[in-house]
Amino acid sequence: MDRVDSVLLPELDGPVPATLPSTLGLLSLALGIGALVAPGPLARLTGVDDSAAARMVIPAVGLRELGSAAGLLSGRRPAGWAWSRVAGDAMDLTLLGRALADRSGERRHRLTLTTALIAGVTAVDVFAAVRIRRAQQARARMIRMNIGVTVNRSPAEAYRFWRDMENLPRFMAHLESVRADDLRRSHWIARGPAGHRVEWDAEIIDDQPNKSITWRSLPGARVPNAGRVRFVPAPGDRGTEVRVELRYAPPAGALGRAVAKLFGEEPEQQVRDDLRRFKQVLETGEVVRSEGSPNGISVRQQAMQRPAQPLPASRR
Amino acid sequence: MKATAWMGTDSVKVIDVPDPKIMNARDAIVRISTTAICGSDLHLYHGYIPAMRKGDILGHEFMGEVVEVGPQVRNLKPGDRVVVPFPISCGHCSSCQRGLYSVCENSNPNAGIAEKIMGHSPAGIFGYSHLLGGYAGGQAEYARVPFADVGPLKVPDDVRDDQAVMLADVFPTGYMGAEMCDIKPGQVIAVWGAGPVGLFAAASARLLGAERVIVIDRFPYRLRLAEEHLGAETINYEQADVLDTLNEMTAGRGPDACIDAVGLESHHGNTAMYAYDRAKQVARVETERPFALRQAILACRSGGVVSVVGAYGGFVDKFPMGAFMNRSLIMRTGQCHVQRYTRPLLERIQRGEIDPSFIVSHRMPLRDAPKGYKIFQKKQDDCTKVLLTV
Ligand SMILES: [Zn+2]
Ligand SMILES: [Zn+2]
């Protein structure tokens, strides 16, 4: 089955997480092998060749680097291994600092250079570790859903209604508006509690009339998202199975919390309810309302409903 | 307007609320002339149905005059006198198109909540908790009727209010209970419960050709009604062992079909048995007291039908699955698909085959609704059915 996952989302699948850990791994590998194979020249190069302890410390550092290399290249828990490299760097800097204190002349000069070099490596490691961690968190936050509803209408009717993107807010409760800029591009505005607003541009990247529509947000969206809806004839002449695959990656921080609130505690339930309203509009011509429903977030369609409580507020 | 509102367990009040408004194009507003208190309103009254909120307007059996219609309602106009079926049904989903109106797929705006408890959501019902839509009910001066182009039936002048209002629920529900038994000539049908639905089930079993109808209850005045008005045989379960008596009456076969017209608040002749399930229900270990259902399954002849029209809300304990499976029983259930039955039953009333007003024991103005609930709850004053006039 085709999945939304096959749709590229640069914001979610960028090159950073894939290549950074292996680059760091190769660096560790080179340093580790160097320290084990040629501890003497390395000691001389760094300016600690006068110390007896260096002959033991340098191979130990090499072993540690090989450990980091194995971890980073294995691809498992890259953020942990990146941070372990930072810890190793800190240890090296401490040792170098101590060595600097009782060296002078040419050796002190080489030691200073080495220290600066390691400090630079440390900065790169910290940067990489942070980047890897962030990318992992974004992936962990990413929400994926596959939800379907059976609508007692033909695939062509269901497709036609959905393809007019400006219809979407009629049944998607959290959408304030969708403006079609042209046949492919559209501008979406979602509004949640306390006036939080999320806007983005989206484009249709695959359109198969009466069969499926695939869209994704354009780069720059603060909440990158992608979706596909397929319209499959339901068996037994029961209309159309409308199957929606959706994924989005809410950011961390305040906006992320606002987005989470926007979708409620159960994002899947929200989408299921949206699809139920899609069915209502197609089958009955309108979103079904009652005096006491629903009691969720206040949105445009639901604003037309009267309060759940038939008693006037003053008498509650 | 004035409306009867649920104010908490065992408490209803007639309060002032805003008049209903047209919210959707297929809505109508009905000025209510007659409305009724139903046995299932007592489940709400007793607090057994979840998702009621203080101030919710009760009532799902009502009729009156159309005073306003939305732009999409073409079959009704202001001035029409209509009776309104209790399930709210869109008429266009595949359930409605198959005649399964009480499981309309579109009429419960709170379907997500109902799905969590029932797997799939049934239709919305007037005045019957937020689980079933949160629709305002009809024990009021006015009601908003969604999908008014599907449900309401125009009532001809020669049919009185106290006859027609029975078409909103109890008559069709009893009728469907009998219809699900697939009655053939010579058959014996047993009905648990001699409330309005049980009495209409017994009456309908007769209309559909049952040879004998046996009604089981504990109130002598209700059993008397079944005997005198419907020619039914009766068993008072507080005075006789139901299974033994039914076996004796059918020479060991058991009834060909058993109708449970009692539902979740049934009673048991044995005080200890009753107390046991009652305690579990109070502790919310089980949500129902299914004595009638258990008995109906055990009593039914092998290969017979158990037809359930009594209202259940949640989970049943000690369901006699062994008897049910080993004896090839068939169970058929459902909230009534009222829209299917209103017209044919109206025609039966017009032909004089039945006068459904025979069950009405009390008539009072809407403002006395709290009194009506109390009398009906306590079965005071030989109460079978309370009509409220507006
Ligand atoms: Zn009723
Ligand atoms: Zn329907």
Side-chain angles (χ1 to χ4, degrees), chain A residues 147 149-154 157 170-171 173 234-242 264-296 299 301-316, chain B residues 1 3 5-7 13 15-18 20-21 23-27 51-57 70 72 88-98 104-113 115-116 121 124-127 129-137 140 143-144 146-147 149-150:
Chain A
I147 295 170
V149 70
T150 304
V151 177
N152 196 15
R153 288 282 181 266
S154 69
E157 285 171 284
R170 282 183 67 184
F171 61 91
D237 211 14
R238 275 177 295 188
T240 306
E241 293 179 357
V242 179
E265 276 175 24
E266 295 171 86
E268 295 218 4
Q269 186 64 50
Q270 291 274 337
V271 175
R272 213 178 301 282
D273 289 344
D274 284 348
L275 285 182
R276 203 188 326 271
R277 283 185 283 266
F278 175 70
K279 174 180 165 75
Q280 286 172 359
V281 171
L282 274 181
E283 290 183 356
T284 78
E286 55 199 15
V287 169
V288 178
R289 298 189 185 90
S290 79
E291 293 78 358
S293 69
N295 48 344
V299 287
Q301 305 92 325
Q302 292 162 3
M304 293 169 69
Q305 298 188 349
R306 282 191 289 138
Q309 172 64 269
L311 276 175
S314 56
R315 300 192 45 178
R316 252 170 243 170
Chain B
M1 67 164 185
W6 188 86
M7 303 303 284
K13 270 189 192 150
I15 58 170
D16 282 307
V17 299
K21 285 188 208 129
M23 294 166 97
N24 282 37
R26 292 170 62 193
D27 289 353
M52 285 299 287
R53 297 196 199 125
K54 193 178 170 191
D56 284 348
I57 299 171
Q72 296 290 321
I88 298 168
S89 315
C90 77
H92 295 275
C93 66
S94 41
S95 293
C96 284
Q97 286 185 346
R98 283 181 292 149
C104 172
E105 296 156 32
N106 286 319
S107 65
N108 184 356
N110 297 336
I113 313 171
E115 276 173 359
K116 289 200 173 65
S121 174
I125 294 180
F126 291 101
S129 92
H130 292 263
L131 192 66
L132 297 178
Y135 290 96
R144 165 185 169 248
F147 304 127
D149 53 336
V150 177

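Lettering follows sequence order; numbering is per chain, from 1.
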Where B:G112 and A:Q269 come nearest, the two heavy atoms and their spacing: CA-NE2, 3.5 Å

Heavy-atom distance under 4.5 Å to chain B: side chain of A:Q280, backbone, both or neither? both

The criterion is salt bridge (Lys or Arg N to Asp or Glu O under 4.0 Å); which residues satisfy it with A:E286, sequence neighbours excluded? none

Side-chain donor or acceptor of A:R289 paired with backbone N/O of B:M23 under 3.5 Å: yes

Hey, could you give me the OG/CZ distance between B:S121 and A:R276, rounded to the nearest 0.5 Å? 7.0 Å

Can a donor-acceptor pair be found, under 3.5 Å and without considering hydrogens, that links the side chain of A:N152 to the backbone of B:H92? yes

Considering all heavy atoms of both residues, which atom of B:N24 and which atom of A:V288 are nearest to each other, and what is their separation? ND2-CA, 4.0 Å

Most heavy-atom pairs under 4.5 angstrom with chain A, which of B:C90, B:A111, B:P146? B:A111

Search all heavy atoms of B:G134 against all heavy atoms of A:S290 and return the closest pair with its distance. O-OG, 3.4 Å

What part of B:Q72 gets closer than 4.5 Å to chain A, counting heavy atoms only: side chain, backbone, both or neither? neither

Tell me, side chain or backbone of B:K116 under 4.5 Å from chain A's heavy atoms, or both, or neither? side chain

B:S94 side chain to A:R238 main-chain N or O, any donor-acceptor pair under 3.5 Å? no

Can you sort out the partners of B:F147 under ring pair (Phe, Tyr, Trp, His ring centres under 6.0 Å), two or more places apart, ordered by chain and number? none

